[in-house]
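See below for the structure under consideration.
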Protein chains: 2
Amino acid sequence: MRPVEEIAAALREKGLKLTPQRRLIIEVLSRDRSHPTVDEVYRQVLRTMPEVSRTTVYNTIREMTALGEIVEVQDYGDGGIRYDTSAEAHHHFFCRECRTLFDLDGDPPLPERYGGALEGAAIERQQLTVYGVCPGCLKKAR
Amino acid sequence: MRPVEEIAAALREKGLKLTPQRRLIIEVLSRDRSHPTVDEVYRQVLRTMPEVSRTTVYNTIREMTALGEIVEVQDYGDGGIRYDTSAEAHHHFFCRECRTLFDLDGDPPLPERYGGALEGAAIERQQLTVYGVCPGCLKKAR
DNA sequence: AAACTATGTAGTAACCATTATAAATAGAAA
DNA sequence: TTTCTATTTATAATGGTTACTACATAGTTT
């Protein structure tokens, strides 16, 4: 996620205001790289502003998603949609044991290698997810 | 998805029975390559057996997922989890305009290229999703 | 500064996909 | 047939998300 100042500028461009609640939610989002759910963001926000409503967190996260500042990631059915708050393109590894989504380094592969169906399409983003069992869970299994 | 006979064998191995309801649901699943939701499968099932309950469809799809016969794909928030019933490894293109998930051809990229975080992990499957706007929607936009 | 307007927030209720529960049913084994 | 177990059905409960309403706030104009 970009610095708060840049996001504030993007908000103003859309006619939106940088309220204290939005500022705090954006700060929490830009700090958290653990692919948090709305509820996890909400609980972090409450530590600083205990009177913020869940609705405001939902609204702000929806606005940030519309601005392209954050991105939804596969939620795997545990307690809600998860959000990726990292601006840099990167990939994921999902451990089916501990159900954690890890970030991977490295550049995305080129879409040209994936057949002719993409001819004439506008590519905006690509996301690789690798599934398996992480080293920690493999050790526990023994 | 594999032929019904092979799936029946996999069921028996787990001590599960191939009931008429399960057989029909599996047939619908193996026919449908459009990444259907549970409700879409349910409505197809009703055409042949109108008295099958939604719960049975949920249960059977959960069992098939546990057996690895089908796989959840990113649902993007429209009406439920979508399932991929294709046995062959392949990738997806998601059009953010018409919200359709297209299949792509081509081989998966090698996980070795994605950094050291995968050292010692057991890789089982990988899935690339390309995001953008499909040729049809691009034309309409003009 | 006061009044006006538009936007944002909070709280509650509604929504809908999914899961849990309990009763009815079917099929296999004895 | 009787019993036992797995399955199906119907309904209720759950939980994340959205809709709605009233109130508060910020920015602007006079």
Side-chain angles (χ1 to χ4, degrees), chain A residues 4 7-29 35-46 48-67 70-83 99, chain B residues 7-8 10-29 35-46 48-67 70-83 99:
Chain A
V4 179
I7 293 169
L11 282 174
R12 269 187 287 273
E13 224 168 284
K14 292 256 174 183
L16 301 171
K17 294 165 190 171
L18 185 64
T19 64
Q21 290 93 333
R22 280 182 182 156
R23 168 178 281 277
L24 174 58
I25 293 164
I26 291 169
E27 281 169 358
V28 167
L29 282 170
H35 316 96
T37 62
V38 171
D39 196 66
E40 284 161 358
V41 174
Y42 174 59
R43 271 181 284 179
Q44 287 183 63
V45 165
L46 286 191
T48 310
M49 289 178 68
E51 68 293 337
V52 169
S53 78
R54 211 178 236 102
T55 303
T56 298
V57 178
Y58 271 104
N59 288 341
T60 304
I61 286 180
R62 188 182 326 130
E63 288 151 7
M64 292 300 101
T65 306
L67 286 175
I70 59 177
V71 136
E72 294 184 6
V73 294
Q74 175 83 299
D75 67 335
Y76 311 102
D78 312 282
I81 303 165
R82 296 194 161 272
Y83 291 89
R99 306 189 78 75
Chain B
I7 293 168
L11 281 176
R12 269 187 289 273
E13 223 169 284
K14 292 256 175 182
L16 300 171
K17 293 168 189 169
L18 186 63
T19 64
Q21 291 94 332
R22 281 184 181 153
R23 169 177 280 278
L24 176 58
I25 294 165
I26 290 168
E27 281 168 0
V28 167
L29 280 169
H35 316 97
T37 62
V38 171
D39 195 65
E40 284 161 0
V41 174
Y42 174 60
R43 273 182 283 179
Q44 287 182 64
V45 165
L46 286 191
T48 310
M49 290 178 67
E51 66 294 339
V52 169
S53 78
R54 209 179 239 102
T55 305
T56 298
V57 178
Y58 271 104
N59 289 340
T60 304
I61 287 181
R62 191 182 323 130
E63 288 151 8
M64 292 301 100
T65 306
L67 286 175
I70 59 178
V71 135
E72 296 186 4
V73 295
Q74 175 83 299
D75 66 334
Y76 312 103
D78 314 280
I81 301 165
R82 296 194 161 272
Y83 292 89
R99 307 188 77 75

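Protein chains get the first letters and strands the later ones, always in sequence-line order, with residue 1 at the start of each.
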Let me see the working for B/T19 and B/T56 under side chain to side chain contact (heavy atoms under 4.5 Å, CB included), right down to the final yes or no. CA-CA 11 Å; B/T19 64; B/T56 298; over 6 Å; no
Nearest-angstrom distance from the residue atom CD of A/E51 to P of C/dT9: 12 Å
B/E63 with B/R22: basic N within carboxylate O range, under 4.0 Å: yes
Is there side-chain contact between B/Q21 and B/V45, with at least one heavy-atom pair below 4.5 Å? no
Assess whether side chain to side chain contact (heavy atoms under 4.5 Å, CB included) is satisfied between A/V41 and A/T60, documenting all intermediate values. CA-CA 11 Å; A/V41 174; A/T60 304; over 6 Å; no
Assign each of B/V38 and A/S53 the nucleotide of DNA chain C bearing its closest heavy atom; nearer the 5' end lies the nucleotide of A/S53
Is there a side-chain contact between A/L11 and A/M64 (heavy atoms, below 4.5 Å)? yes
As an exercise, state the distance from CD1 of A/I61 to CD1 of A/I70, rounded to the nearest 0.5 Å. 5.5 Å
Counting only heavy atoms not in B/E13, do more than 12 fall under 6.0 Å of its CD? no
Stretch residues 10-28 of chain B: residues that reach within less than 4.0 Å of DNA chain D through a heavy atom: B/L16, B/K17, B/T19, B/Q21, B/R22
Check the distance between D/dT14's P and A/D39's CG and give it to me in whole angstrom. 17 Å
Proximity to DNA chain D (any heavy atom under 4.0 Å), residues of residues 54-65 of chain B only: B/T55, B/T56
Please give, in whole Å, the distance from D/dG16 C1' to A/R82 CZ? 13 Å
Do B/Y83 and B/V38 have side-chain heavy atoms sitting under 4.5 Å apart? yes
